[in-house]
Amino acid sequence: GPSEDILTKVRFPGPGEPADLFVPADDSYVRQARSLGLAAESVPIARVRAVLLLARGNPERIATWADLLRDGVTVAVPNPGAAVGKLARDHLVNTHRWVALGPRVVDVGTVTEAANATKAGDRPAADAAIVWDAVAAGPAFRDQEVLAVPELDGVERRVEVAVLNQSRDPAAARHF
């Protein structure tokens with residue numbers, strides 16, 4: 001699910017649901033966990049960057065950012081509760097690209113929902129999706145084209161795993 005939702009579950013675990021590790025989509029959520037007193041240590045494990053995942057077969061022949069702005073083209077963007085959704089939206093607003101893209105955006109909840117919007121049926125719900133490169137490289141999307149565009153340069157983050165203070169066995173969590 002969205003990193004924001006997972007952080008909320010870590011912050012307010014249900015009965016019998018304490019977690020040992022927290023692996024959100026980007027390190028900003030680890031910083032939030034630290035500021036809330038939920039985690040004391042973390043280890044970087046990867047970097048992710050935003051890319052476009054194109055609909056199977058790329059029927060709209062999308063090859064550049066400008067192609068996303070053509071009439072009839074739709075782009076799935078995760079909501080701001082998902083790290084890539086928040087970071088991509090902020091970046092596109094700051095680079096003055098969001099206003100032009102906005103009318104073509106299909107709002108979806110998670111990065112997985114955005115990716116799935118490009119593969120459903122004969123006519124997918126979206127022609128492209130803004131997702132993390134790690135998601136686009138997953139086995140469910142291997143037959144789809146991934147497009148790195150300069151307009152998304154800078155939308156990247158470090159992924160960290162945090163050992164949670166609520167861990168029943170912090171030593172085992174660190175070892176894992």
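All values below were derived from every heavy atom in this structure, side-chain atoms included, with hydrogens, water molecules and symmetry-related copies excluded.
- Here L21 contributes atom CG and R174 contributes atom CZ; the two are 10.0 Å apart, rounded to the nearest 0.5 Å.
- The residues R31 and D27 are annotated as salt-bridged, a charged nitrogen and a carboxylate oxygen being separated by less than 4.0 angstrom.
- The residues E4 and K86 are annotated as not salt-bridged, no charged nitrogen and carboxylate oxygen being separated by less than 4.0 angstrom.
- Side-chain atoms of H91 do not come within 3.5 Å of backbone N or O of E156 as any donor-acceptor pair.
- In this structure, L147 and L54 approach most closely via the heavy-atom pair CB-CD1, 4.3 Å.
- Contact record, L87 with W132: CD1-CH2, 3.8 Å, taken as the closest heavy-atom pair.
- A100 and P103 get closest at one heavy-atom pair: O-CD, 3.5 Å.
- Expressed to the nearest 0.5 Å, how far CZ of F22 lies from CG of N165 amounts to 13.0 Å.
- Rounded to the nearest 0.5 Å, atoms CG (N58) and CD (E60) are 8.0 Å apart.
- Listed here is the closest heavy atom pair of L53 and T118: O-CG2, 3.5 Å.
- Of all non-hydrogen atoms in G109 and A82, the two that sit nearest each other are O-CB, 4.0 Å.
- Note that the CG atom of L68 and the CD1 atom of I130 stand 7.5 Å from one another [nearest 0.5 Å].
- Of the possible polar contacts, none joining the Q144 side chain to the F141 backbone as a donor-acceptor pair under 3.5 Å is found.
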(request) Under the salt bridge (charged side-chain N to carboxylate O under 4.0 Å, His left out) rule, what do D143 and R56 come out as? Steps first, then yes or no, please. (result) CA-CA 7 Å; D143 62 342; R56 188 172 296 168; 3.1 Å; yes

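- Taking both residues in full, the closest heavy atoms of A148 and R49 are given as CB-NH1, 3.5 Å, listed atom of the first, atom of the second, then distance.
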(request) Show the numbers, then the answer: is there a side chain to side chain contact (heavy atoms under 4.5 Å, CB included) between N79 and D107? (result) CA-CA 6 Å; N79 74 39; D107 283 310; 5.8 Å; no

(request) In sequence, state the C-alpha distance, the side-chain angles, and the governing distance for L101 and L69, and then conclude on side chain to side chain contact (heavy atoms under 4.5 Å, CB included). (result) CA-CA 6 Å; L101 186 66; L69 306 179; 4.1 Å; yes

